[in-house]
Amino acid sequence: MKRALTDLALFGGPEAFLRPLMVGMPTVGDRARFLARLEWALDNDWLTNGGPLTTELEGRIADLAGVRYCVATCNATAALQLVLRASGVTGRVIMPSLTFAATPHAAAWVGLEPVFCDVDPVTGCLDPARVAELITPDTGAVLGVHLWGRTAPVIELEKLAAEHGVKLFFDAAHAFGCTAGDRPVGGFGDAEVFSLHATKTVMAFEGGAVTTDDGELAERLVALRNFGVDRTGSVTSVGMNAKMSEASAAMGLTSLDAFEGTRARNRENHALYASELRDVPGTEVLAFDEHERNNHQYLILRTDRAVTGLHRDRLRRLLEAEKVFPRLYFSPPCHLMPAYRTDPPLRLEHTERLSEQVLALPTGPSVSSEDIRRVCSIIRLAAERGEQIEAMWAQAVPA
Ligand code: T4K
């Protein structure tokens with residue numbers, strides 16, 4: 001098998017020895033501006049707990065999301081926990097399984113039961129018809145996920161939630177700066193949660209942000225992220241420490257300054273991947289809905305083994321041998337992770353099929369056209385020789 005990998009390296013030529021290409025390489029923006037902001041924070045002697053840079057970031061995110069309130073946090077996982085706690089949700093929370101483990105973890109950590117729901121076979125987002133089937137008197141909330149920046153069916157889910165009197169939230173970790181139609185993500189449901197993790201389009205090293213139009217909810221969140229200390233200074237709720245530091249806010253603001261440029265570069269990258277792989281049977285670069293704005297942060301390749309003869313995981317290994325490091329966003333789906341797997345296992349047909357087929361590929365401003373052509377040439381070659389590679393693999397690595 002080693003020889004086959006080397007053959008592919010030869011195909012890549014000397015370029016194959018270039019720097020590793022990873023998913024999620026950080027978008028820092030103007031480094032000098034970041035350092036100036038950091039200096040300013042140090043001079044200002046205020047480094048966390050609702051500092052001026054955090055407040056500025058919150059204001060800018062609220063404007064972008066078209067909402068009245070934004071509460072910044074140390075990460076999105078904590079933000080999801082805070083939102084569920086602050087909203088008084090009890091019982092079960094319906095959510096997709098095709099998501100990062102943080103989505104169900106957040107619910108489980110505040111004593112709620114994640115209920116995994118199947119998704120639309122094309123978008124990978126919650127299927128409202130399946131959600132409706134799962135709503136019971138024990139349902140406290142629905143938690144949609146805007147997977148890969150594509151918005152969940154927000155209007156249908158808002159209607160469902162209103163009909164059944166349950167809360168509705170969105171995990172918008174992937175959807176900074178995205179829209180559903182012409183409405184910005186951030187204002188749907190009772191609240192939405194963005195991630196500002198280092199790998200995200202807008203990043204704050206680590207960070208999260210809740211957006212909402214509900215002033216009382218925002219006030220409870222502000223207290224809960226700071227040990228439950230309310231505006232009078234009294235500890236009136238069982239809070240946690242989920243504050244954003246000024247260093248993170250400085251990074252967030254600087255990355256946000258660069259956002260439109262980042263989005264444009266991601267979009268170009270997406271178009272190039274799509275055109276390079278257009279005629280490779282059994283592969284599909286997932287398209288975006290032209291009726292909405294995406295941040296194009298994730299480049300998702302869908303591979304069909306029935307056509308290529310090549311297992312998705314084998315393709316991943318071949319790319320890794322060429323210093324291209326895809327990520328399995330998201331595989332296995334949450335309901336099949338040891339932490340959530342039941343016996344017998346829950347079956348979610350569309351979730352499982354998508355999960356077996358998708359691979360996130362490197363994109364972002366630091367990924368060049370040459371990089372993308374190189375990645376695509378490896379995929380093309382691998383897809384064309386799928387059965388041959390599988391046969392060699394089976395010989396080299398007996399089951
Ligand atoms: N909901 C959803 C739907 C999410 O996808 C996430 C997080 C959350 C909620 C929770 O948000 P946070 O609590 O994190 O704010 C990464 C990220 O850590 C995670 O934030 C993200 N989603 C998830 C999809 O991806 P991993 O397990 O892939 O590992 P990580 O972060 O070590 O590396 C990811 C890739 O990025 C690798 O290719 C390496 C590269 N990388 C990473 C870091 C940290 C860099 O190039 N530079 C870096 O500094 O989770």
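Only this structure's heavy atoms are used, side chains among them; waters, hydrogens and symmetry mates stay out. Just follow the structure's listing: the first ligand is 1, and inside any ligand the first atom is 1. Computed from a predicted model, the values in this text were never measured in an experiment.
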Could you list which atoms of ligand 1 come closer than 4.0 Å to a heavy atom of Thr103?
1 (N)
Nearest non-hydrogen protein atom, atom 16 (C) of ligand 1
Tyr329 OH, 3.5 Å
Report the hydrophobic cluster partners of Trp46, with the cluster defined as I, L, V, M, F, W, Y residues connected by side-chain heavy atoms closer than 4.5 angstrom, directly or transitively.
none
Closest to atom 44 (C) of ligand 1 among protein heavy atoms sits His197 CE1, 4.0 Å
Regarding Arg37 and Asp30, does a basic nitrogen lie under 4.0 Å from an acidic carboxylate oxygen?
no
What protein heavy atom sits nearest atom 21 (C) of ligand 1, and how far away is it?
Lys200 NZ, 2.9 Å
Test of understanding: given a 4.0 Å heavy-atom threshold, classify the contact between Phe325 and ligand 1 as side chain, backbone, both, or neither.
neither
If you scan protein heavy atoms around atom 45 (C) of ligand 1, the nearest is Gly24 O, 3.6 Å
The atoms of ligand 1 lying under 4.0 Å from a heavy atom of Thr99, numbered in the order shown, are 3 (C)
Atoms in ligand 1 with a heavy atom of Thr77 nearer than 4.0 Å:
10 (C), 12 (P), 13 (O)
For Asp171, which part has a heavy atom under 4.0 Å from ligand 1: side chain, backbone, both, or neither?
side chain
Please identify which atoms of ligand 1 are closer than 4.0 Å to at least one heavy atom of Gly207.
15 (O)
Part of Phe194 with heavy atoms under 4.0 Å of ligand 1, whether side chain, backbone, both or neither:
neither
Quick one: which ligand 1 atoms are inside 4.0 Å of a heavy atom on Ser195?
11 (O), 12 (P), 15 (O)
Any ion pair linking Arg317 and Glu390 (charged N to carboxylate O, less than 4.0 Å)?
no
Evaluate side chain to side chain contact (heavy atoms under 4.5 Å, CB included) for His174 paired with His146, printing each intermediate quantity in order.
CA-CA 6 Å; His174 298 184; His146 304 308; 5.6 Å; no
When you measure from the heavy atoms of Tyr298 to every atom of ligand 1, does any distance fall below 4.0 Å?
yes
Please identify which atoms of ligand 1 are closer than 4.0 Å to at least one heavy atom of Phe330.
5 (O), 24 (C)
Among all protein heavy atoms in this structure, tell me which lies nearest to atom 6 (C) of ligand 1, with the distance rounded to 0.1 Å.
Phe100 CD2, 3.4 Å
Identify, for atom 5 (O) of ligand 1, the protein heavy atom at the shortest distance, and state residue, atom and that distance.
His174 NE2, 2.7 Å
If we number the atoms of ligand 1 from 1 as shown, the ones under 4.0 Å from a heavy atom of Ala102 are 8 (C), 9 (C), 10 (C)
Structural part of Arg327 in contact with ligand 1, heavy atom criterion under 4.0 angstrom:
side chain
Please determine whether any non-hydrogen atom of Pro26 lies less than 4.0 Å from an atom of ligand 1.
yes
Atom 37 (C) of ligand 1 sits nearest the protein heavy atom Val23 O, 3.4 Å
Number the atoms of ligand 1 from 1 as they appear, then name those within less than 4.0 Å of a heavy atom of Met22, with their elements.
38 (O), 46 (O)
Taking heavy atoms and a distance under 4.0 Å, where does Ala76 meet ligand 1: side chain, backbone, both or neither?
both
Heavy-atom gap Pro362 to ligand 1 smaller than 4.0 Å
no
